[in-house]
Amino acid sequence: MADPKGFMTTPRQDWPRRPVEERVRDWDEVYVPGALLPIIGKQADRCMDCGIPFCHEACPLGNLIPEWNDLVSREDWRTAADRLHATNNFPDFTGRLCPAPCESGCVLAINQPAVTIKNVEVAIADRAWELGFAPPSPPERLSGRTVAVIGSGPTGLAAAQQLTRAGHTVAVYEKDDRLGGLMRYGIPEFKMEKHHLERRIEQMRAEGTKFRTSTAVGRDIGAAELRARYDAVVIATGATAWRDLAVPGRELTGIQQAMEYLPLANRVCEGDLDASPLSAAGKHVVIVGGGDTGADCLGTAVREGAASVTQLDIYAQPGTERDEDTEPWPTYPKIYRLSAAHEEARDLRTSSAADADARLFAASTLRFTGDADGHVRSLHLVEVDAERRPVPGTGRTLPADLVLLALGFSGPDREDGLMDQLGLELEPRGTITRDAGFATNASGVFAAGDAARGQSLIVWAIAEGRAVAAAVDRYLTGSSRLPAPIGPYDQPMTM
């Protein structure tokens, strides 16, 4: 504990964002470059080095948070990077994309603003790259065993890196033309610039991991053939089967899934397209769904120059403080949060209909109507109560030239035939069934991440990747020294 009085003398200070008017004109990350390092030492001083650090329990990776806070305070970046990477393969991803349940579990958060754990994490990760403290770690010897990892999202990459470092020969199969899964084509550039992803992939290549892009297992290569070729297979395809909205008018042109819309904007940033064919430019946009994917659509539509953007959330507007009766510390509370995209929408006044920023709360879509050409032009909604029952007399209509459905995902996509070809058993909710060792009913086939857990956070995805790697290593060699931070049935802390 570098400063025993730091939590009493230093207020919380977050990494400042660039001015809204500036950042919406580009696709760069929203934060002020270089503004974190001057403040992060004092912010790390606020950590109380608690006797029982609940931030450990709140994070499925078991990050050694008080340790790196102390090391950052002392500017020992090398040791801080070592302690950070001991539990997390990709802190540069989580430091940008994770909603930080660790901060909700911070003991200081009982009666003060939490330590800026997420900012400390990303500061260490970025300094590690700048100072050369994240070199490749190839194995000293090879085991002679081979593993195929299907999917290159955070779960697949974490599993592949752990297994490669354990000495196994690992090949990652990705159906898209580039690696990264949803981090590549689902996360907008303004949340994480893709050079962070590229340098991790190059690190993995230098360690010996092989990558096969534009290869859909089950379609481009048979799943049974792949299983016969490798000693073990890890399925980490994610939960990409999106939920739809069965209301009148759904068939109209201009109603798209969020994951049809977001990848095209990312391809523009990659240089594949001059402009997105689904661009929001000049259109009245309505986003159905109040989660992070909806917020990503919001920030993207603002940057594309939408005429207006409104986001519908079926839940009532939450308060700004946690409800201690229903969501007590240290659980992750549902409170009103202002993401960068919502801050932009608020300041630019993108929606005259919104309750706050661009969001219209307690709103349920009734139907869509269109023009004579079959293109959507209006969304009809109604206010709902806490049980999602329509409130009489609250119907209203929003102009809508582009509707984006961001309603979450139900499980892995089955179109490629992967699961059917392997004869995998599924849970009633559509996820892959597995046992306490992450193994499926198919011999030598393991499942991890959203494909088996269901839609979750990036920290859970990486924790799943690390844990399934330990299970596969044990299956191949009889024992494992790889860490397994979670089990397949572990869940976040809730009331």
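Given the structure is predicted, the values throughout are model-derived calculations rather than measurements. Numbers for residues simply follow the sequence, beginning at 1.
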Please answer whether the main-chain N or O of [Y] pairs with a side-chain N or O of [X] as donor and acceptor at a distance below 3.5 Å.
| X | Y | result |
| --- | --- | --- |
| E174 | G151 | no |
| E207 | S137 | yes |
| S276 | L278 | yes |
| T164 | A160 | yes |
| D357 | R359 | yes |
| H342 | A295 | no |
| R184 | D176 | no |
| T440 | L424 | no |
| T215 | K175 | no |
| S410 | A241 | yes |

Could you check whether atom [atom1] of [X] has more than 12 heavy atoms from other residues, nucleotides or ligands sitting under 6.0 Å from it?
| X | atom1 | answer |
| --- | --- | --- |
| E415 | CD | no |
| E321 | CD | no |
| K210 | NZ | no |

Is any side-chain heavy atom of [X] closer than 4.5 Å to a side-chain heavy atom of [Y]?
| X | Y | value |
| --- | --- | --- |
| M183 | P154 | yes |
| W329 | C106 | no |
| Q421 | V217 | no |
| R199 | E202 | no |
| T300 | K191 | no |
| R96 | D126 | yes |
| D413 | M419 | no |
| V309 | S351 | no |

With no hydrogens and no angle check, do the side chains of [X] and [Y] hold a donor and an acceptor under 3.5 Å apart?
| X | Y | value |
| --- | --- | --- |
| N88 | T94 | yes |
| D473 | H168 | yes |
| H284 | S308 | yes |
| D177 | Y185 | yes |
| N89 | R466 | yes |
| D355 | Q317 | no |
| Q203 | R200 | yes |
| N119 | Q43 | no |

Test E270 against K194 for salt bridge (charged side-chain N to carboxylate O under 4.0 Å, His left out), laying out the working first.
CA-CA 9 Å; E270 293 279 6; K194 299 307 179 282; over 6 Å; no

N-O pairing of [X] and [Y] below 4.0 Å:
| X | Y | result |
| --- | --- | --- |
| K118 | E103 | no |
| E343 | R23 | yes |
| D420 | R414 | yes |
| R267 | D272 | yes |
| D14 | R12 | yes |
| R303 | E189 | no |
| R18 | E29 | no |
| R212 | D220 | no |
| E198 | R205 | no |

Does the side-chain contact (heavy atoms from CB on, under 4.5 Å) test come out yes or no for V120 and T116, once each step is laid out?
CA-CA 6 Å; V120 176; T116 57; 4.2 Å; yes

Over 60° means perpendicular and under 30° means parallel, so tell me whether W15 and Y31 are parallel, tilted or perpendicular.
parallel

Taking every non-hydrogen atom, the tightest pair across [X] and [Y]:
| X | Y | answer |
| --- | --- | --- |
| A470 | A484 | CB-CB, 4.0 Å |
| P66 | C47 | CA-SG, 3.8 Å |
| P318 | F361 | CD-CE2, 3.9 Å |
| V468 | F438 | CG2-CB, 3.7 Å |
| C297 | A258 | SG-CB, 3.6 Å |
| L64 | H56 | CA-NE2, 3.7 Å |

When rounded to the nearest 0.5 angstrom, what is the spacing between [atom1] in [X] and [atom2] in [Y]?
| X | Y | atom1 | atom2 | result |
| --- | --- | --- | --- | --- |
| F211 | L179 | CZ | CG | 5.5 Å |
| I221 | R219 | CD1 | CZ | 12.5 Å |
| L312 | L398 | CG | CG | 6.5 Å |
| Y261 | T293 | OH | OG1 | 13.0 Å |

Cation-pi, [Y] ring and [X] (6.0 angstrom, 45 degrees):
| X | Y | result |
| --- | --- | --- |
| R83 | W68 | no |
| R388 | Y315 | yes |
| R337 | Y332 | yes |
| R127 | F133 | no |

Could you walk me through whether R17 and E22 pass the side-chain contact (heavy atoms from CB on, under 4.5 Å) check?
CA-CA 10 Å; R17 296 167 178 164; E22 171 191 317; over 6 Å; no

Sole candidate of L405, V403, L262, L404 that passes side chain to side chain contact (heavy atoms under 4.5 Å, CB included) when paired with Q256:
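Single side chain to side chain contact (heavy atoms under 4.5 Å, CB included) partner of Q256 among L405, V403, L262, L404: L404.
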
side-chain contact (heavy atoms from CB on, under 4.5 Å) between L426 and I432, intermediate numbers included
CA-CA 5 Å; L426 301 179; I432 300 172; 4.1 Å; yes

Mind running salt bridge (charged side-chain N to carboxylate O under 4.0 Å, His left out) on E464 and R434 for me, showing each step along the way?
CA-CA 13 Å; E464 287 253 341; R434 56 186 179 174; 2.7 Å; yes

Let's go through V285 and E304 carefully: what are the C-alpha distance in whole Å and the side-chain angles of both, what is the deciding distance for side-chain contact (heavy atoms from CB on, under 4.5 Å) to 0.1 Å, and is it a yes or a no?
CA-CA 11 Å; V285 180; E304 290 179 334; over 6 Å; no

